Structure formats: structure tokens, C-alpha cells
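Each remark here refers to the structure printed beneath this line.
Here the structure is a predicted model, which is why all the values come from computation and not from measurement. Below, chains carry the letters A, B, ... as their sequence lines are ordered, and counting in each starts from 1.
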Amino acid sequence: MEAFTTHTGRAVPLRRSNVDTDQIIPAHWLKKVTRDGFEDGLFEAWRKDENFILNRPERQGATVLVAGPDFGTGSSREHAVWALQNYGFKAVISSRFADIFRGNSLKNGLLTVVLEQKIVEALQELTENDPQAEITVDLQTREVRAEGVTASFELDENSRWRLLNGLDDISITLQNEADIATYEAKRPSHKPQTLKV
Amino acid sequence: MGRTLAEKVWDDHVVRHAEGEPDLLFIDLHLLHEVTSPQAFDGLRKSERRVRRLDLTIATEDHNTPTLDIDKPIADPVSRAQLETLRRNCAEFGVRLHPLGDVEQGVVHVVGPQLGLTQPGTTVVCGDSHTSTHGAFGALAFGIGTSQVEHVLATQTLPMARPKTMAITVEGELPEGVTAKDLILAIIAKIGTGGGQGYILEYRGPAIEKLSMEARMTICNMSIEAGARAGMIAPDDTTFAYLKGRPHAPEGADWDAAVEYWKSLCTDEDAVFDAEVLINADELSPFVTWGTNPGQGAPLSSAVPDPASYEDPSERDAAEKALEYMGLAAGQPLRSIKVDTVFVGSCTNGRIEDLRAAAEVLKDRKISDGVRMLVVPGSARVGLQAVSEGLDLVFKEAGAEWRHAGCSMCLGMNSDQLAPGERSASTSNRNFEGRQGKGGRTHLVSPRVAAATAVLGHLASPADLSDAETRTPAGV
Ligand code: SF4
């Protein structure tokens, strides 16, 4: 996983609430066998409308999604997080995220930032009026900064530490490799083995 | 203080415990299938990691496999790609795979137990929510997501927060003709689809102790439909007898050591559960669902409920939506509901005992005109066993289609699907909107009810079949 310390980029303001995982990535994309290549499935239904904000030329290359409340509800598919990352998003800002989506995002290094609704709206207004306006998401100081906005956000210490160091769960577990080896060494011989017939 | 079964198995697998962190649990058995594993292997490849314990890992093909013409190339290109990816990944990483056509191929939750790999006191995971099935052996078995699949492949462990425990005690005895499926549907109707959330369920009591292993698997399989993390049943002589002599069961001194350990796996008298539910089996009768979640069920002898009778507004709303989707009216007797399709199979009811139960009802009978019945064994082995007992002939003579093993119409990822508006009686575990095909309507039932329904063309139990009317004389 890539470390996340601080990121500055242009934004896509998405003024919709309750954006569920089916809208983020429709079910028929789940038959894909990689973690890559989901960018075209991101918001697929909405993108058929050429006026949809993601399609606007001035939004190309944006990396921060500023979304309405209850972003990421619905199924547990990790594909929703992959689609946002494949498309190029590094951070999503909202006043409320669905639990499972938030868990999945932090596992994959997509920073989900919770800010008060009125601050989210201020960021949406700013970036609607000025597509070139940049937003900085600083995980070190736990702060979001943009023109006229400075807001701090919360994130539990464990998740923050993992993101700052780019540690995915596997890397963290492998730091305790010795514990696993010790456990394996004392495992009883009657335990099942798939390769022994 | 004493410990519950779940706590004992949990404690025996803690690799590392630290304040403020989830426990790191060792995983004894990791089952893989084609749908949730590709991105996990991809992740390993990218980070240049290998599978840590190939000897604790096994894969099979089930969700996408066709149940007809299995010797021909798979027609659907997307399904084919998923299966081919699994084959490539298993070859590259050295994982044991039972592909389509192999005698050990089948629904992953049928394959593990029948090989004797699922054993008491083990931790079992799979990228599939119905991994709870394996809890029937007194194993701690969890469904996991794709990132976790990769985590287990790389480390053979999983960081997990300890769930709470709930006892589901079933007093009394299941009446004649009432099965494990009826019991679990009644339990879910009672506690609700969210009733088990955050808990590991332990099914116990005299009615559970009498159940066969197959029936126990049916019960634990559907724990997830009550929202639970897992379901378990304490191992006993029934469990040991089932395991003895299976390909991967321990032998000799290992067997003795194992049985001694397994016997310690029961909830202590003074252990305390976080929640308890009591059910009386004596009062149960065949149970079916009328709605679009597994909690929306009722005794077959009753009627479609009136949404207005629900006090909780969200339940009322859910019932209204369900009736609309299902095309049913409040007050309609459940027995009057006509079906187009009957599906016997899945990891809930696709084992040999389930096929025997359905065949017993169908013997010397014909299924109703206009009803399509699919019988899909849970694994290739189950299929062979059924053939050796002549069950396939019973099904075929009754007019049913006898198929090859796989998930099939349980989720309709292959071509076994309901057409829009079609209605099925299905022995599977989910009646969600569109689960068996877009616009399809599903009633969850036991194998006995499925068979009787196929004969009469409407939801029915074997008690509704009159011998004189429907049994064709032998030889006709
Ligand atoms: S039979 Fe159905 S529930 Fe079981 S693993 Fe297959 S799709 Fe899932």
C-alpha cells in the first residue's frame, strides 16, 4: 500500500447523498478478475450523461471527491474502493460514510475524511465556482485546507499510523512473523492438511 | 469462569494478543473458489509474496460452473475467464485445485466436510459468506472479503475482533416430517435477519444433539442469514463417526489425540453467553418463506401475512415491498402459491441426505405438468453416491432434471436461472430480489417440501400427497 502523508489536488464536487456501492460500481463489473481496470465502471450509469460532473473537461485529473452524506452504503464489495482509486481519487470527503465502505477504503489506502456537513458544502461551493481550486488533505496534521477553509478531522490512531507508513494489514501482520512461526511450531500433528492424502 | 465453545476455539488460535488491537488468529483451513480469489492472487503477485501454507489451502470451482455438458468448453466467456484465472493462479502458486470434471469438485462448503478437512476445533475461512456451514463440526468458520483472502494466503492468519456469543437452545424434538431447514427458517423468522449481528451463534439442546451432520450443516449454513458472524454446534459422537475414515481425518495415534481434544470442545456449565434464545422444536411444522429475505417466513399451514399487522414501520414497509415483488396478496394461504420451478441443491441442502429426502417423496410419483425441477448435487461425490443409490433414476422418472454439481440456481451465475416473474420453491438459502435470476421469485423450502411442491405444482408438504391419487403403480 502506498503511504498517505499529505495530498493536494483539484476536486470533483458531487452533490448527491446516499451514493451506494451499486452506483459506484455496478454488479456486472464484479466478474472481473483483477483489482485494476475498474475506472470505466466508476459511476457508470451517471457517466452516460455527458453533463455529469465527472465528464466535464475541467474536472479531468481531479483527485479529491467531495461527496454528499452517507457515501458508500450497500454491499461490501471492495470493488467500489478499487474503482475510485483506479480512476485516480486519493481522498473522499463526506460528512458520513457507510461503515463497511470506510473500513475497505482505509484497508486499501483511500483516505476517507469526515468533515461537518457545512464544511463539506463550503468545499463543494468553492470547487464548483473555481474548478482549478485545490484542496489539501494533510494526514500528518489531520487537517483539510483550501482557500478560505481550514478544518481538522478525526481518524483513529491505528488507522492513521498504518496510512502514514503505507502499511497494509499484511505488512503489519508480517512484522509479527515470529509469533506466527512460534504458533506453527507447536500446532498439534492431528490438525488437517490439504496436501496429505 | 467457564468458557463457551466459541471462546475455547478462539483462544486456541490466538497467535498474538495486544491491548487495543484485534487478536491475530491462526487459520487452519483456507478454502478458495473462483469468484473472490482472483484479486487476492493478483495482490500476492504484485507484492511478490507466496502462499504461506499450501498444506492448509484448497480450491474448487463452483459458482460459475455449468451443470450440463461439463465436458464441453464453457459457453459464457466471463464465467470461463474466471475459472481459467483460478486454474492459472492455482498452478502458479501451487494450490491444490479440484476443477470442473474432477471427482472432488463441488460447492466449496460441501467439499471441505466430505474430504474430512473440516474438523472440530479448527478455524476455517473462505471468501464466501456461507462458510458458517463448517461450524456444524464445532469449527470456528468465517466468511471473509477479498483483502482478507489475500491476507490469509500470505500469512495464514487474520486479525479479528472477538465477537460476542449467543446460545440458541432448541428444546424438545422435531416432529416427524419436520427437518433442519424448517428449524433454521423458524429460528431466523424469530430472531430476524439482523438478530445475530455481531455474534457467534451456538446451537444446542436436545433437538440439535439428535441431528445428523448433514442436518447440522443446514442449520449452521444459514447462520449468516440471521446476520451472525458464524454458527457452531459442539462436536459429539455423531461428529466423530462422520469423520472417521474420511480422506483427511486423522489416523492411529493422531485420531486418538484428536478425539480427546475434540471431546473438550463443549461450552462449560458455568460459561455465560452474551445473549440466549430458546426455541421449542415440538411446536414446529414445515416452514417456508413468503418474502424477499430469509426472515420473512411462516409455517406452510399459514397464510401470507398482512403488512399492516407489523408494528415496526420498517418491517411493515419491507413486508409491503416484498409482497409487491413476490406478486402475493395478504391473507393468501401459502399452500395456494403455484410455482414454475423447483430447485433442490446448494450448500444448504445439496448433500446426500437431502437428495435422499427429496427422492423418497418423489419415488413412484410424477412432477406436475408445467413444473421444471432441477436436482443439483452439492458435489460430484454426492452425485456419484446418489447414482449408486439409484436416486438419479427416481428423479428422472419423476420428470426432474438431474444435473452436475455446482452452485447452479442458488445464485444463477451460470445459465440455471429463473426468468422474470417466474416463481421457484428452492432448497437454497437466499430469497433476495433477483437472486435466482432477474425478476425471479424465490420461496425457501426444505427438500421434502420442494419435492411435494414439484408433484402438486403449489407449495406443499409430503403430508398433502395422497398415495392413491399420485403414486403411479410400480412398473408404469
Ligand atoms: S451454493 Fe449458493 S450459497 Fe452456497 S456457496 Fe454456492 S452460491 Fe453461495
*Most chain A-contacting option - heavy-atom pairs closer than 4.5 Å, from B/Leu24, B/Asp42, B/Val35, B/Thr57*: B/Thr57

_A/Asp179 portion near chain B, given a 4.5 angstrom heavy-atom threshold_ = both

_Closer than 4.0 angstrom, basic N to acidic O: yes or no for A/Asp70 and A/Arg16?_
no

*Heavy-atom distance under 4.5 Å to chain A: side chain of B/Asn64, backbone, both or neither?*
side chain

*Residue selection (most heavy-atom pairs with chain B, distance under 4.5 Å) from A/Ile172, A/Asn176, A/Asp169*: A/Asn176

*Part of B/Thr155 within contact of chain A (heavy atom distance under 4.5 Å)*: both

*By a 4.5 Å heavy-atom criterion (distance strictly below it), what part of B/Phe41 contacts chain A: side chain, backbone, both, or neither?*
neither

_Cationic N near anionic O, under 4.0 Å, A/Arg145 to A/Asp138_ = yes

*Could you tell me whether A/Arg10 and A/Glu58 have a side-chain N and a carboxylate O separated by less than 4.0 Å?*
no

*Could you tell me which of B/Leu115, B/Thr118, B/Thr85, B/Val95 has the largest number of non-hydrogen atom pairs under 4.5 Å with chain A?*
B/Thr85

*Kindly say whether A/Leu195 contributes a backbone atom to a donor-acceptor pair with the side chain of B/Asp55 at under 3.5 angstrom?*
no

*Grab the two heavy atoms, one from B/Leu56 and one from B/Gln156, that are nearest each other, plus how far apart they are.*
CB-NE2, 3.6 Å

*Name the member of B/Gln39, B/Arg16, B/Gln148 that forms the most heavy-atom pairs with chain A at distances under 4.5 Å.*
B/Gln39

*chain A: which of B/Phe26, B/Tyr261, B/Trp255 shares the most heavy-atom pairs with it under 4.5 Å?*
B/Phe26

_Is the ring pair A/Trp46/A/Phe52 parallel, tilted or perpendicular, if the boundaries are 30 and 60 degrees?_
tilted

_Side-chain donor or acceptor of A/Thr63 paired with backbone N/O of A/Gly88 under 3.5 Å_ = no

*At a heavy-atom separation under 4.5 Å, does A/Thr182 approach chain B through its side chain, its backbone, both, or neither?*
neither

*Relative to chain A, which segment of B/Glu150 carries a heavy atom at a distance below 4.5 Å: side chain, backbone, both, or neither?*
both

*Side-chain ion pair, A/Glu154 and A/Arg142, N-O less than 4.0 Å*: no

*Considering only heavy atoms, which portion of B/Val14 lies under 4.5 Å from any heavy atom of chain A: side chain, backbone, both, or neither?*
backbone

*Under 4.5 Å heavy-atom distance to chain A, tell me which part of B/His13 shows up: side chain, backbone, both or neither.*
both

*Does any heavy atom of chain A fall under 4.5 Å from the side chain of B/Leu29, the backbone, both, or neither of them?*
side chain

*Please check if the side chain of B/Arg52 supplies one atom and the backbone of B/Thr157 the other of a donor-acceptor pair under 3.5 Å.*
no

*Count the heavy-atom pairs under 4.5 Å between each of A/Glu157, A/Lys191, A/Glu184 and chain B, then report the option with the highest count.*
A/Glu184

*Does A/Glu128 come within less than 4.0 Å of A/Arg15, counting only side-chain N to carboxylate O?*
yes

_Run the ring pair (Phe, Tyr, Trp, His ring centres under 6.0 Å) test on B/Tyr242 and B/Phe137 for me, step by step, so that the C-alpha distance in whole Å, both residues' side-chain angles and the decisive distance to 0.1 Å come before the verdict._
CA-CA 10 Å; B/Tyr242 179 95; B/Phe137 291 79; 5.4 Å; yes

*Contact part of B/Gln119 toward chain A, heavy-atom cut-off under 4.5 Å: side chain, backbone, both or neither?*
side chain

*Structural part of B/Ile58 lying under 4.5 Å from a heavy atom of chain A*: both

